[in-house]
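Quick notes on the structure that follows.
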Amino acid sequence: MSDTLMNDTWQAYGLTLHSRLLLGTALYPSPEVLRQAVEASGAQILTVSLRRQAPGAGGGDNLWRYIGELGKRLLPNTAGCYSAREAIALAHMARELFQTNWIKLEVIGDDYNLQPDPFQLLEAAAVLVKEGFAVFPYCTDDLVLCQKLLDVGCEVLMPWGAPIGTGQGLLNPYALQTLVKRLPKVPLIVDAGLGTPSHAAQAMELGFSAVLLNTAVARAADPVRMAEGFKLAVAAGRLGYRAGAMPKRQTAAPSTPLLGTPFWHDKSKDSM
């Protein structure tokens with residue numbers, strides 16, 4: 001990683017990070033492939049679910065122990081919860097099991113697209129913040145909901161790019177860019193729906209702090225190479241955002257000077 005990227009850090013609940021790729025740990029074909037993918041991704045934060053671990057990957061306590069041995073910061077999540085009460089109870093179990101107050105808060109409101117329930121999510125977030133949790137809420141890209149989550153004490157927001165596991169990419173770039181513009185001091189992480197490295201690059205070009213993904217890597221034909229691809233895409237997108245893109249135009253403009261005209265020639269001085 002270049003010095004430019006190494007020095008371009010961000011913070012989540014007081015922890016300084018240089019990797020802007022967060023990686024899920026479910027659905028991998030084997031623990032060894034998971035380990036190699038994590039290494040290739042450069043991720044510093046891994047999410048882990050108490051409910052949605054793949055049985056074929058050696059789920060349960062053995063898998064959680066294996067993930068813990070990877071030496072990364074763990075972000076347990078409440079995937080599979082459908083009420084604030086259920087999510088709060090699972091968050092407490094996760095804190096005891098993984099010895100961390102970090103929690104990725106998921107409260108699902110619809111089985112078809114696994115869309116977060118904004119009302120139950122907000123209720124659970126308010127309770128968990130008061131109980132000392134560092135809450136990472138998985139939410140939609142609705143600005144008002146995001147503002148209310150901040151009001152109850154969340155310091156990081158995780159709006160979706162598309163429904164979980166669809167690989168559709170950023171379905172509503174306008175709404176996501178609005179969040180960046182309206183909440184410039186808030187760490188924003190695109191979570192869910194990314195399918196290819198180009199989707200991650202697009203999110204970073206919009207100005208997001210990081211991206212979180214799981215299925216796009218775990219279900220790839222070659223998870224390890226895909227993890228590296230996402231790592232490079234995140235870096236490229238971040239560099240593009242920091243560099244500042246050229247303004248868009250409605251008409252064409254030549255990028256090379258006329259024959260015999262130096263590229264630094266200033267036509268505005270011709271009439272002087």
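Each residue takes its place number in the sequence, starting with 1.
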Can any side-chain N or O of [X] pair as donor or acceptor with the backbone N or O of [Y] at less than 3.5 Å?
X      : Y      : result
Thr25  : Thr47  : yes
Gln44  : Ser19  : yes
Arg20  : Asp8   : yes
Thr166 : Ala162 : no
His199 : Thr196 : yes

Could you walk me through whether Gln120 and Ser83 satisfy the side chain to side chain donor-acceptor pair (under 3.5 Å) test, starting with their C-alpha distance in whole Å, then the side-chain angles of each, then the deciding distance to 0.1 Å, before giving a yes or no?
CA-CA 6 Å; Gln120 295 294 307; Ser83 70; 5.0 Å; no
Do Leu157 and Leu149 come within less than 4.5 Å of each other through their side chains, counting heavy atoms only?
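Result yes, sub-4.5 Å side-chain heavy-atom pair found.
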What pair of heavy atoms forms the shortest contact from [X] to [Y], and how long is it?
X      : Y      : result
Trp160 : Leu176 : O-CD2, 3.8 Å
Thr78  : Ala91  : CG2-N, 4.1 Å
Pro163 : Leu171 : CD-CD1, 4.0 Å
Leu21  : Ala227 : CD2-O, 4.3 Å

Nearest 0.5 Å, what's the [atom1]-[atom2] distance between [X] and [Y]?
X      : Y      : atom1 : atom2 : answer
Leu179 : Leu206 : CG    : CG    : 10.0 Å
Ile67  : Leu70  : CD1   : CG    : 7.0 Å
Cys81  : Glu86  : SG    : CD    : 4.5 Å

When you compare the side chains of Tyr13 and Asn101, does any donor N or O come within less than 3.5 Å of an acceptor on the partner?
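No.
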Joint hydrophobic cluster, Phe98 plus Leu34, side-chain heavy atoms closer than 4.5 Å:
yes
Do you reckon Met93 sits in the same ILVMFWY cluster as Phe133, going by side-chain contacts under 4.5 Å, direct or chained?
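Shared cluster, yes.
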What pairs of donor and acceptor atoms, side-chain ones from residues 207-218 against any protein atom, are under 3.5 angstrom apart with sequence neighbours left out?
residue	atom	partner	partner atom	Å
Ser209	OG	Leu188	N	3.2
Asn214	OD1	Ala26	N	3.3
Asn214	ND2	Ala26	O	2.9

Quick test of your reading of the model: are Glu32 and Arg35 salt-bridged, counting only N-O distances below 4.0 Å?
yes
For Tyr138 and Asn77, run side chain to side chain donor-acceptor pair (under 3.5 Å): C-alpha distance rounded to whole Å, both residues' side-chain angles, the deciding distance at 0.1 Å, then the answer.
CA-CA 9 Å; Tyr138 165 60; Asn77 68 46; over 6 Å; no
